[in-house]
Chemist: 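Please find one structure pasted underneath; my questions will follow.
Model, not experiment: these values are computed from the prediction.
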Amino acid sequence: MVWQSKISTEEANELIYIMSENVRKGIEGRAVIESQLFPVSVYIGVACQQLYDQSFQYKITKDMVDHGCDPREIGPKCKTLCAYLNGLGFQSFAMLYLHGRAQCIYDWGGPEHEPEEKKEETKFILDFFRHLNPNYRNDGLLLVERSEDENIRILDDNLIEKLRDDLFEPTPEQIKQFKRIVATMTAHNFLDKCDCRAGIFEHGPYKLDTGNLLLFKEFQFLYTGEEIYKGRKAAFEWSETEAKSPIMNLSLGYVLKDMKSLRFNDWGTLFADPAEFSNNIVQIGMWTRELLMPMEQRYPDKLGRIDPVSWETFEAVGKYSQAALTELYLKFAKWDYTQRCMAGVNLYTNWIALFTAFAGTHEEYNWEIPKKTYTYIPKFKKYPMGIHPFMARFMRSKKKRKVDPTYYYIAE
């Protein structure tokens, strides 16, 4: 049955309120560290403006649906390791669009000035969004915060049991080396993604019959020098370094004992108690998944082969990460402000290409940033720290936010 958008203004407004509070909670739990290289706040604002103001996200999503893409089928195809999309991508689908919409509405003087066609576009985006996580998460919920224990459990029990066969008990020296390599991979990923966490995702915890907990930390878009799809060797040109990874992605599994709590937010960030859990690690596992394009996938029996990763390969990934980190820093240091800003805009707008792969339309676009987008930069540069003034709405009282949510209700 072909999916058609059917959502009322009342339902859309309920989602706007939910997302407003969800993002507020995420911001509260986030440590803000200003990047030394990238104007992060500016490029996020510019990117979100493009997604909404130019109908960039709507047009591409509508084209996907016109090509037969059903949002209800995206989540199940991502219930595996190193999936093409994950909870961070699903939450961002609504968050970034609504962020751009709120910037525009603030500038216009209120939601009553939002054009009727924009209201319909917003309802379409929200309708598409509400079918993603419920078909991805094991509990069928819309967001992490609506679960009792703030989990991100997405893997089926049978897959968990298969993965357990590859777990091993690390030595104290291996744990130390493991931590060093993971830290290097994390630093490389952040720089490669313009100082944001795209490309890293954590999920779990999965309770084992031993009483211990299994969680995963995954790294995507490692550059191997091989073509990932026609004409592309990397998601972004700057990622093409002399250093090359032996694998395209890596999922790391930790089995932990005696943890007080393991919580997640919708950005796929782990909050562990104790925060330093090296002494709680009982077993470790490492895997990579073949890059099977979504159009070739079928849930649950054809999601891409998962192979265990040897310690030697893991070490090779660490060496790649260190070398690529150095290359990228030297490359970015030569760029001017506009180049760095537009790299971040590219990342934050063209992530939608991951969605188009589920419709088979990813090769139909050249993904060049429209010229109009460059005109937004001066506007955001003049704001203190590059932050649009609508963000102050997150700081209002709960009573005021209920009546008038941060991301603005759609006016009837």
Chemist: Can you confirm whether or not the ring centre of Phe332 sits under 6.0 Å from the ring centre of Phe38?
Modeler: yes
Chemist: Please determine if Lys381 forms a cation-pi arrangement with Tyr337, meaning its NZ or CZ atom is less than 6.0 Å from the six-membered ring centre and no more than 45° off the ring axis.
Modeler: yes
Chemist: If you round to the nearest 0.5 Å, how far is CG of Asp66 from OG1 of Thr361?
Modeler: 10.5 Å
Chemist: Hey, what's the ring geometry for Phe216 with Trp287, parallel, tilted or perpendicular (30° and 60° as the breaks)?
Modeler: tilted
Chemist: Could you please spell out the steps behind the side chain to side chain contact (heavy atoms under 4.5 Å, CB included) verdict for Phe178 and Met286?
Modeler: CA-CA 11 Å; Phe178 188 83; Met286 301 179 290; 4.3 Å; yes
Chemist: So, taking the atom named CD1 in Ile352 and the one named CZ in Phe355, what distance separates them when rounded to the nearest 0.5 Å?
Modeler: 5.5 Å
Chemist: Is it the case that Lys233 places NZ or CZ above or below the six-membered ring of Tyr223, under 6.0 angstrom from the centre and within 45 degrees of the axis?
Modeler: no
Chemist: Between Asp404 and Arg393, does any side-chain N to carboxylate O distance fall below 4.0 Å?
Modeler: yes
Chemist: Taking only Lys NZ, Arg NE, NH1 and NH2, and the carboxylate oxygens of Asp or Glu, determine whether Lys25 and Glu28 approach each other closer than 4.0 Å.
Modeler: no
Chemist: Do Glu237 and Lys331 sit within salt-bridge range, that is, some charged N less than 4.0 Å from a carboxylate O?
Modeler: no
Chemist: Do Phe128 and Phe90 have ring centroids that are under 6.0 Å from one another?
Modeler: no
Chemist: Could you measure the distance from the CZ atom of Phe264 to the CG atom of Leu270? Nearest 0.5 Å is fine.
Modeler: 4.5 Å
Chemist: According to the interplanar angle, ranging from 0 to 90°, do the rings of Phe201 and Tyr136 count as parallel (below 30°), tilted (30 to 60°) or perpendicular (above 60°)?
Modeler: tilted
Chemist: Can you tell me how the ring of His388 sits relative to the ring of Phe380, calling it parallel under 30°, perpendicular over 60° and tilted otherwise?
Modeler: tilted
Chemist: When the ring centroid of Phe390 is compared with that of His99, is the distance short of 6.0 Å?
Modeler: yes
Chemist: Walk me through whether Val144 and Gln91 qualify under side chain to side chain contact (heavy atoms under 4.5 Å, CB included).
Modeler: CA-CA 10 Å; Val144 167; Gln91 194 264 8; over 6 Å; no
Chemist: Run Tyr408 and Arg101 through side chain to side chain contact (heavy atoms under 4.5 Å, CB included) and show every step you take.
Modeler: CA-CA 9 Å; Tyr408 297 100; Arg101 175 177 176 267; 3.9 Å; yes
